[in-house]
> 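Dropping a structure here in structure tokens format, bear with me for questions.
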Amino acid sequence: MTVRVRFAPSPTGYPHIGNIRTVVFNWLFARQQHGKFVLRIEDTDQGRLVRDALRVIEDSLQWLGIDWDEGLGKGGDYGPYIQSQRLQIYQDKAEELVAMGRAYRCNCSQERLDTIRDAMRAEGKTPMYDGLCRDKPEGAVAKDEPHVIRLRVPREGMTTFHDVLRGDISVENALLDDQVLLKSDGFPTYHLAVVIDDHLMAISHVMRGDDWIPSTPKRILIYQAFGWQPPIFIHVPLVLGADGKKLGKRHGATAVDEFRRAGYLPDALVNFLALLGWSPGDGDQQEIFTREELIARFDISHINLAPAVFSYDKLDWLNGQYIRNMSEDELLDQLIPFWQDAGLIEAPVATEIVPTLRLLVPLVQERLKTLRDVVALTDFVFQEIEPPSVDALTGKGMTVGESLAAIVAVQRLFCGLVQFSADAMEEPMRALATELHIKAGQLFGLVRNAVTGKTVSPPLFGSIQAIGRERTLKRLETAEHILLQHIEATGNV
RNA sequence: GGCCCCAUCGUCUAGCGGCCUAGGACGCUGGCCUCUCAAGCCGGAAACGGGGAUUCGAAUUCCCCUGGGGCCA
């Protein structure tokens with residue numbers, strides 16, 4: 001059997017991370033089985049369409065490196081792949097069911113439907129259609145009068161389907177409504193369209209969130225009415241937010257695009273998502289997998305049945321691992337857009353700044369969890385700093401006067417350096433500390449505050465080299481003034 | 001509320017009757033390294049929801065309860 005799976009988003013919003021985890025599973029499975037991955041668009045809910053959703057869906061998948069073989073923008077032998085272009089097919093198929101006696105026309109008014117619903121609810125029952133039109137003779141409801149087409153659901157017995165992970169799941173037919181298949185405006189209902197599309201597109205496996213389990217019997221009934229063989233169902237557990245609830249809008253940043261902007265790498269995200277609800281099993285303790293490894297090792301039977309909570313801690317760690325494994329050139333390319341977005345460097349990168357950027361990359365590489373972290377870590381290189389406080393400029397265990405003397409000495413030292421480079425300044429700085437009878441750490445700490453405006457920064461000398469001699473000296477001068485003023489104002493040395 | 005699904009450290013998970021005094025990872029934590037912060041290395045705390053049953057033996061099988069989640073209203 002040729003494996004054919006699909007991702008069928010509605011363009012009513014942007015793909016979010018919970019859905020994408022399931023997409024990753026589908027994609028891994030398709031690639032491993034040398035099958036096809038189809039991207040179909042379910043846009044029959046015309047009222048809720050979001051303008052650029054299609055573009056965002058494409059962008060998100062492309063960014064993640066999840067490619068599809070048929071569908072949106074790709075074409076294929078089973079098109080069209082956009083449901084709004086398939087309305088005629090749904091109408092024809094619905095008519096077929098009527099002709100076969102498996103569905104019937106219903107012209108009950110909205111008022112009548114509301115009345116029965118209220119009545120049933122009042123009795124404490126689940127509201128269902130009462131079947132008034134079900135037993136009307138053929139032709140009682142004319143084809144050209146406003147009406148819907150309903151499925152003739154068996155009144156007794158059970159509907160059972162098989163789930164690869166959970167075995168057989170059954171529901172009593174008495175609990176199933178004579179669902180509407182075709183609405184009065186000629187649009188199909190969701191389940192009719194999906195069944196027809198999955199069948200006509202020869203989808204072999206339907207792998208989706210287990211929140212769809214309750215509606216699967218409805219779908220099976222439609223397959224049975226048509227006399228079609230249903231696909232193989234694999235319901236995967238949901239992805240939950242930190243509160244244990246199904247991941248959704250209320251959980252903040254969940255759109256794929258937001259992860260990109262936050263500085264996560266697609267490879268890290270795919271790796272993380274693949275491990276959310278799945279593991280290679282067999283006592284394997286590997287955590288970092290290339291795409292090829294994931295494709296080779298993905299295995300439906302190792303999908304965990306319990307829902308998984310999405311947690312940023314592990315994603316951050318994993319992302320950091322991927323960042324550390326990049327080459328410096330690669331990382332530089334990835335970092336540039338983030339510096340630009342923050343307004344720290346210009347949009348076409350000025351060539352004069354490139355050496356500085358290159359200098360910074362190895363300094364930040366092992367300090368980044370996300371690419372965006374580079375902004376807060378290196379902003380002092382590109383913009384002026386807030387004048388540090390006296391406290392910050394006073395070395396640990398030192399007096400203000402001693403600190404002032406140290407700053408002055410460092411200025412002199414930096415002025416005299418032949419080469420203003422990290423390598424050239426470390427030795428003399430250490431010697432200076434000895435000379436001043438303070439520890440290197442004391443000296444470095446106070447200089448760090450003076451030139452970066454931060455108590456925490458990338459390695460000091462690399463940072464200083466990146467700032468450049470002129471601006472470093474200016475910041476030291478500022479520090480000197482701050483300390484001097486303090487001494488003059490308070491008389492405290 | 002009705003129906004359905006699920007249940008191992010805080011989180012992601014390994015485990016598919018004896019190899020389990022339950023393993024790994026993230027996070028947390030102690031230490032080493034160290035110019036700060038990271039990274040790296042070494043160590044630690046931390047879980048089989050409860051009760052029955054089957055079995056010589058149960059985290060692993062069955063039943064009930066509890067808890068969580070989902071769908072529909």
Side-chain angles (χ1 to χ4, degrees), chain A residues 18 21 117-118 120-121 123-128 158-159 161 163 165-172 174-177 179 209-218 235-248 271-288 301-321 323-325 362-369 373 376-377 392 395-396 422 425-426 429-430 433 438-449 451-452 454-464:
Chain A
R21 196 286 314 264
R117 188 168 304 151
D118 292 346
M120 296 193 72
R121 207 171 287 157
E123 285 178 61
K125 292 191 201 156
T126 304
M128 279 172 65
M158 308 274 276
T159 292
F161 70 96
D163 179 273
L165 297 172
R166 294 157 226 262
D168 288 343
I169 297 174
S170 304
V171 173
E172 286 184 55
L175 264 27
L176 298 171
D177 201 4
Q179 54 178 303
D210 70 15
D211 49 341
W212 289 103
I213 289 178
S215 67
T216 307
K218 293 169 77 166
H235 289 95
V236 304
L238 295 178
V239 177
L240 274 25
D243 59 354
K245 300 271 173 28
K246 180 176 162 184
L247 203 62
N271 190 156
F272 175 76
L273 257 17
L275 258 21
L276 205 55
W278 175 80
S279 78
D282 300 326
D284 194 303
Q285 294 175 349
Q286 190 175 341
E287 299 285 341
I288 298 176
S301 70
H302 274 107
I303 294 175
N304 206 111
L305 290 178
V309 173
F310 185 100
S311 115
Y312 282 90
D313 283 337
K314 193 157 185 176
L315 173 60
D316 285 348
W317 170 78
L318 203 54
N319 205 57
Q321 293 290 322
I323 287 176
R324 268 165 253 139
N325 285 331
L363 263 33
V364 298
Q365 186 158 24
E366 63 194 24
R367 274 159 251 268
L368 299 175
K369 279 187 158 56
D373 287 344
L377 217 49
K396 222 177 158 190
M425 58 186 78
E426 177 151 3
M429 282 287 280
R430 286 186 188 279
I438 55 177
K439 287 186 175 165
Q442 289 176 294
L443 179 63
F444 297 174
L446 113 112
V447 173
R448 168 174 287 112
N449 274 292
V451 301
T452 71
K454 298 172 193 284
T455 49
V456 170
S457 82
L460 184 60
F461 304 115
S463 298
I464 290 175

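Within every chain, numbering begins at 1; the chains are lettered A, B, ... in the order of the sequence lines, protein sequences first and strands thereafter.
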> I'd like the C1' distance from B/U8 over to B/C48, given in whole Å.
4 Å
> So, A/Arg367 and A/Asp373, do they make that salt bridge, N to O below 4.0 Å?
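Looking at A/Asp373 together with A/Arg367, the answer is no, because their closest N to O distance does not fall below 4.0 Å.
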> Could you check whether any side-chain N or O of A/Ser279 sits under 3.5 Å from a backbone N or O of A/Leu275, counting only pairs where one atom can act as donor and the other as acceptor?
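No, A/Ser279 side chain to A/Leu275 backbone: no donor-acceptor pair under 3.5 Å.
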> Where do A/Pro237 and A/Ile303 come nearest, in terms of heavy atoms and distance?
CD-CG2, 3.7 Å
> Expressed as a whole number of angstroms, how long is the span from A/Leu363:CG to B/A38:P?
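In whole Å, B/A38 P lies 16 Å from A/Leu363 CG.
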> With sequence neighbours left out, what residues match A/Glu287 under side chain to side chain donor-acceptor pair (under 3.5 Å)?
A/Lys314
> Check the pair A/Phe310, A/Phe272 against ring-ring contact (aromatic ring centres under 6.0 Å, His included), reporting the backbone distance first and the verdict last.
CA-CA 10 Å; A/Phe310 185 100; A/Phe272 175 76; 5.2 Å; yes
> Round to the nearest Å and state the distance from A/Glu172 atom CD to B/C71 atom C1'.
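Interatomic distance, CD of A/Glu172 to C1' of B/C71: 17 Å.
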> Measuring only the P atom in each nucleotide, how far is B/G31 from B/A38? A whole number of Å is fine.
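Taking atom P in both B/G31 and B/A38, they lie 14 Å apart.
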> Now, which nucleotide makes the Watson-Crick or G-U wobble pair with B/C48, with each of the two distances under 3.5 Å?
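Its partner is none (no Watson-Crick or G-U wobble pair with both distances under 3.5 Å).
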> Starting at the 5' end of nucleotides 30-37 of chain B, put B wherever the base has a protein heavy atom under 4.0 Å, S where only the sugar-phosphate does, and a dash everywhere else.
-----BBB
> Both distances below 3.5 Å, Watson-Crick or wobble geometry, any strand: find the nucleotide opposite B/C32.
B/G40
> Counting distance only, does the side-chain N/O of A/Asp177 pair as donor-acceptor with the main-chain N or O of A/Gln179 below 3.5 Å?
no
> B/G15 and B/A59: how far apart are their C1' atoms, nearest whole angstrom?
8 Å
> Rounded to whole angstrom, note down the C1' distance from B/G10 over to B/C3.
32 Å
> Can you see which heavy atom on A/Ala308 is nearest to which on A/Gly277, and at what distance?
CB-N, 4.3 Å
> CD of A/Gln179 versus P of B/C71: gap in Å, rounded?
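A/Gln179 atom CD is separated from B/C71 atom P by 18 Å.
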> Run the side-chain contact (heavy atoms from CB on, under 4.5 Å) test against A/Ser311 and tell me which residues pass, sequence neighbours left out.
A/Asp313
> At under 4.0 Å between heavy atoms, what does A/Arg324 touch on the DNA or RNA strands: base, sugar-phosphate, or nothing?
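Sugar-phosphate, backbone atoms only, no base.
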> For B/C16, what is the paired nucleotide under Watson-Crick or G-U wobble rules, both distances under 3.5 Å?
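Paired with no nucleotide.
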> Looking only at atom P, what distance separates B/U29 and B/A45, rounded to whole Å?
16 Å
> A/Leu305 CG to B/C6 P: how many Å, rounded?
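Rounding to the nearest Å, CG of A/Leu305 and P of B/C6 are 6 Å apart.
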> What interatomic distance, in whole Å, is found between C1' of B/C9 and the corresponding atom of B/G44?
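Comparing C1' positions in B/G44 and B/C9 gives a spacing of 14 Å.
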> Tell me which nucleotide, if any, is Watson-Crick or G-U wobble paired with B/C3 when both distances must be under 3.5 Å.
B/G70
> Can you give one letter per nucleotide of nucleotides 10-26 of chain B, 5' to 3': B if a protein heavy atom sits under 4.0 Å from the base, S if only from the sugar-phosphate, - if neither?
-SBSSS-------SBBS
> Can you check the A/Asp163 CG to B/C4 P distance for me, whole Å?
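For the pair A/Asp163 CG and B/C4 P, the rounded distance is 15 Å.
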> Within this structure, what is the CG-to-C1' distance between A/Asp210 and B/G69, rounded to whole angstrom?
8 Å
> Using the test salt bridge (charged side-chain N to carboxylate O under 4.0 Å, His left out), find all partners of A/Asp168 that sit at least two apart in sequence or belong to another chain.
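Once residues adjacent in sequence are excluded, A/Asp168 has no partner under the salt bridge (charged side-chain N to carboxylate O under 4.0 Å, His left out) criterion.
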> Is the shortest distance from a Lys or Arg side-chain nitrogen in A/Arg166 or A/Asp210 to a carboxylate oxygen in the other one below 4.0 Å?
yes
> Roughly how many Å is it from CD1 in A/Ile169 to C1' in B/C6, rounded to a whole number?
11 Å
> Using Watson-Crick or G-U wobble geometry with both distances below 3.5 Å, tell me the partner of B/A53, or none.
B/U61
> If we take the C1' atom in both B/U11 and B/C16, what is their distance in whole Å?
23 Å
> Contact class for A/Lys245 (heavy atom, under 4.0 Å): base, sugar-phosphate, or nothing?
sugar-phosphate
> Quickly work out the A/Asp316 CG to B/A39 C1' distance and round it to whole Å.
15 Å
> Roughly how many Å apart are B/G27 and B/C65, using the C1' atom of each and rounding to a whole number?
33 Å
> What residues, two or more places apart in sequence or in another chain, satisfy side chain to side chain donor-acceptor pair (under 3.5 Å) together with A/Lys454?
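Side chain to side chain donor-acceptor pair (under 3.5 Å) check on A/Lys454 returns A/Asp379.
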